[in-house]
Amino acid sequence: MSQAIESTLHESRLFNPPAGFSDAIGGAYVGSLDEYRALHERSINDPESFWGEIAGELHWFRSWDRVLEWDCPDARWFVNGKTNLCYNCVDRQVDEGHGDEVAIIWEGEPMPGGKPEVRRLTYRDLQRETSKLANALKSLGIEKGDVVTIYMGMVPELAIAVLACARIGAPHSVIFGGFSAQAIADRVDDARSKVILTCDGSWRRGKIVPLKDNVDEACAKTSHVENVIVLRRCGNDVQWNDDRDHWWRDLTLAAPDECPCAPLDSEDMAFLLYTSGSTGKPKGIMHSTGGYMVYTYLTSRYVFNLRPGTGQVYWCTADVGWITGHSYIIYGVLPNRVPTLMYEGAPNFPAEDRFWDIVERHKVTQFYTAPTAIRAFMKWGDEHPKSHDLSSLKVLGTVGEPINPEAWMWYHRTIGAEKCPIVDTWWQTETGGQMITPLPGATPTVPGSCTLPFFGIDAAVVNEQGEEQPHNSGGLLVIRKPWPSMLRGIYGDRARFIDTYWSRVEGMYLAGDSARRDDRGYFWIMGRIDDVINVSGHRLGTMEVESALVAHDAVVEAAVVGMPHEIKGEGIAAFCTLGPGYEASDELKDALCAHVTTEIGAIARPDVIRFANALPKTRSGKIMRRLLKSIASGEENTTQDTTTLEDFTVLAKLREEKEG
Ligand code: PRX
């Protein structure tokens, strides 16, 4: 990340919201920086009245007694209120007379030369299908509070699955379809989940990802799973276990199409989502119902300026397997009654203009993607976006990692034609919703900065004592007050929850990022402070990858660090020492890469593997990660051929002498 920081330190270009933006978007909710500041101040000084008012825009079966009870680190929002996420996403739109409007537009992966497959689901379709699936789950004994694991491709039934769970108060745990059988088994075990929803396969670049095979393999590694529900998507052959497996279609055809939304307590767990941390084991981040609903609803509305009934089409390119997909494909968008587009496949298949073709055909108005994708588009060439009419676009968003100013400028010019505000949104799985972000009609933007905190967010850059740092000096990014969609804990691990987020700086939520503020007070994210790397906007713990590597017979010890990567932002560099009888070779590198893919998934596949006869360590035996990082990024000279065993001990000694 150091190059990115270097280039952003001198960034001073300022872009005001484009003239005419408010008219183009049907009226900006927040129209100036002054308006933002006044509202932000109110939201911080009187959060109860601010959030109470917003919550009142949604449906509650029973209103709350108090907006907030805060006993750090435990928050209860909308205390004793009863509501339902699925009701607010779906049934409410039907009840208010919008049942026949489009809720989800789905683009399937087209076959080369074939026409794209498009499906449009109305709110009424969603009401029927979520009811049927909810009844099917109940028929298998699933009750409120039971964790439902979902491991599917990007098909509309994935949205139906999460909403069906919300309907009956069964928290879902969605696992990204790129994860391996082992990763599924680990998550199922941790959540003690009895049921998995999956597909026979999913399409990606013309190939079938064998989801059901992975689930079978996962089930062999855990004893919790009693039922597996399988959606037919690709028609590939699958193994069948009569006692455990059910076709989605059979179950839902037989199920009644009415299932009232359960009135859930505002603090009932809505879902679990596993994410990486500093240790080897992913953590199950818990999100609750009411606060999450209110916060994702408002951020979606204001950050993208969603205006129902004005012909907008909103597209977030994330996978529902990540928090971005949960909050900004489904839960925050549907209550705003703007169609949300979901796509299956990859941005460069069947051709590198796929996204721009989708934008043109569906007249997408708000587009939300990751910097890694933007860098890939830049590389593929301007001719792809230039061959499409992108004039429908009004707001562009990015998320997941810092965006380098060069990519920002390309997005601004080539995709946005200099008329679309860019919202660079900083947030995390743990925060549930966007935390630091421009508002498109209000905030002047600077390439590379996520600018200012959203309403109700008291973000600061502090030192270990919790003291705010002067502008332009780096520090720890913290949130000093509770917010509605904050995580409620790590599933089954209270100690880790306290230790990770609440112990380093007293009374404040520690995000795990370092940041600085500039003279304007704008926030700049500088990178992680822990052993987490950000590969293409996906979070990976270095220890997870190390554990996978040492699980291979050949590897005795492994150290994994991030390294700069042109497209991915960060790549993975692995340094391994080998056991007796194993020799450094390209074949072994390939075998280790394949092994990590099997253990975790393709996103964890190392970009570089280097073999060492010993890892550089301090006298007290700690691996010198900083040294490995500078070796991986090419800053430290190592002249050897990297297929053979390298000796870093000399460098380590030199370093130790230099650094005392
Ligand atoms: O380091 C920050 C980076 O991604 C981390 C959160 O990852 P995850 O929980 O997987 O959620 C990603 C999608 C919300 C953060 O701690 N990050 C996320 N957004 C940005 C970012 N870094 C810089 N700028 C952003 N806009």
Side-chain angles (χ1 to χ4, degrees), residues 1-9 176 178-179 275-280 282 318-319 322-324 347 369-379 398-408 424-429 448-450 474 477 511-516 524-549 558-576 589 592-593 596-597 600-610 623-636 642:
M1 285 293 102
S2 58
Q3 284 163 346
I5 293 168
E6 189 50 38
S7 57
T8 56
L9 274 174
F176 171 60
F179 278 121
T275 189
S276 297
S278 318
T279 70
D319 191 289
W322 310 109
I323 191 69
T324 307
T369 196
T372 186
I374 297 169
R375 289 189 294 264
F377 300 140
M378 286 170 73
K379 195 172 139 200
T398 84
V399 59
E401 45 173 326
I403 180 163
N404 46 313
E406 198 194 349
W408 196 102
D424 173 357
T425 62
W426 175 84
W427 59 295
Q428 310 175 292
T429 307
S449 168
C450 52
L477 179 59
D513 283 336
S514 58
R516 68 177 178 92
W524 296 78
I525 307 299
M526 293 160 69
R528 297 286 307 185
I529 56 170
D530 52 13
D531 294 327
V532 165
I533 42 184
N534 191 325
V535 182
S536 303
H538 300 316
R539 237 163 103 167
L540 273 176
T542 50
M543 263 180 71
E544 270 175 86
V545 186
E546 287 163 8
S547 311
L549 283 165
V560 166
V561 295
M563 58 183 242
H565 189 287
E566 195 194 344
I567 302 290
K568 299 179 182 180
E570 269 188 296
I572 301 175
F575 294 83
C576 302
K589 280 185 186 173
L592 292 178
C593 285
V596 173
T597 306
I600 305 174
I603 52 169
R605 188 187 166 91
D607 295 278
V608 169
I609 292 186
R610 291 171 77 161
I623 292 177
M624 298 173 79
R625 287 177 177 281
R626 281 228 316 265
L627 172 61
L628 291 179
K629 262 188 105 119
S630 58
I631 293 170
S633 62
E635 290 159 21
E636 205 86 33
T642 58

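Panel note: side chain Thr398, backbone Asp424; no donor-acceptor pair is recorded below 3.5 Å. Checked by atom type and distance alone, the side chain of Thr372 pairs as donor or acceptor with a backbone atom of Ile567 at under 3.5 Å. Arg605 contributes no side-chain N or O that, together with a main-chain N or O of Thr597, makes up a donor-acceptor pair within less than 3.5 Å.
Glu406 CD: 12 or fewer foreign heavy atoms inside a 6.0 Å radius.
Here the straight-line distance linking atom CG of Asn534 with atom NE2 of His565 works out to 13.0 Å at 0.5 Å rounding. With values rounded to the nearest 0.5 angstrom, Ile609 atom CD1 is found 4.0 Å from Cys593 atom SG. Atom-to-atom distance recorded for Asp530:CG and Ser276:OG is 10.0 Å, nearest 0.5 angstrom. Atoms CD and CZ, from Glu635 and Arg626 in turn, are 11.0 Å apart once rounded to the nearest 0.5 Å. In this structure, the separation between CD on Gln428 and OG1 on Thr275 is 9.0 Å, given to the nearest 0.5 Å. The CE atom of Met563 lies 10.0 Å from the CD atom of Glu570; values are rounded to the nearest 0.5 Å.
In terms of heavy atoms, Ala559 sits closest to Leu628 at CB-CD1, 3.6 Å. The two atoms that bring Trp408 and Gly448 nearest to each other are CD1-N, 3.7 Å, heavy atoms only. Contact record, Asp607 with Gly571: OD2-CA, 3.2 Å, taken as the closest heavy-atom pair. Closest non-hydrogen pair, Val560 versus Thr542, comes out as O-CG2, 3.2 Å. Minimum heavy-atom separation, Ala604 to Ile572: O-CD1, 3.5 Å. In terms of heavy-atom proximity, Ala573 sits nearest to Ala632 at CB-CB, 3.7 Å.
Side-chain contact check for Trp427 versus Cys450: every heavy-atom pair is 4.5 Å or farther apart. Annotation: side chain of Asp513 is in contact with side chain of Arg528 (closest heavy-atom distance under 4.5 Å).
Here Pro282 pairs with Arg187, Tyr274, Glu544 under the side chain to side chain contact (heavy atoms under 4.5 Å, CB included) rule; sequence neighbours left out. Scored by the side chain to side chain contact (heavy atoms under 4.5 Å, CB included) test, Ala515 finds Val461, Leu477, Ile525 as partners (sequence neighbours excluded).
Ionic pairing of Glu401 and Arg375 is present here: one or more N-O contacts between side-chain nitrogen and carboxylate oxygen are shorter than 4.0 angstrom.
A perpendicular orientation is assigned to the rings of Phe179 and Trp322, their planes being inclined by more than 60° (bins at 30° and 60°).
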With side-chain contact (heavy atoms from CB on, under 4.5 Å) as the test, would you mind laying out the steps for Ile631 and Phe575 before giving the verdict?
CA-CA 10 Å; Ile631 293 170; Phe575 294 83; 4.1 Å; yes
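Judged by distance alone, the side chains of Glu636 and Ser630 do bring a donor and an acceptor atom under 3.5 Å apart.
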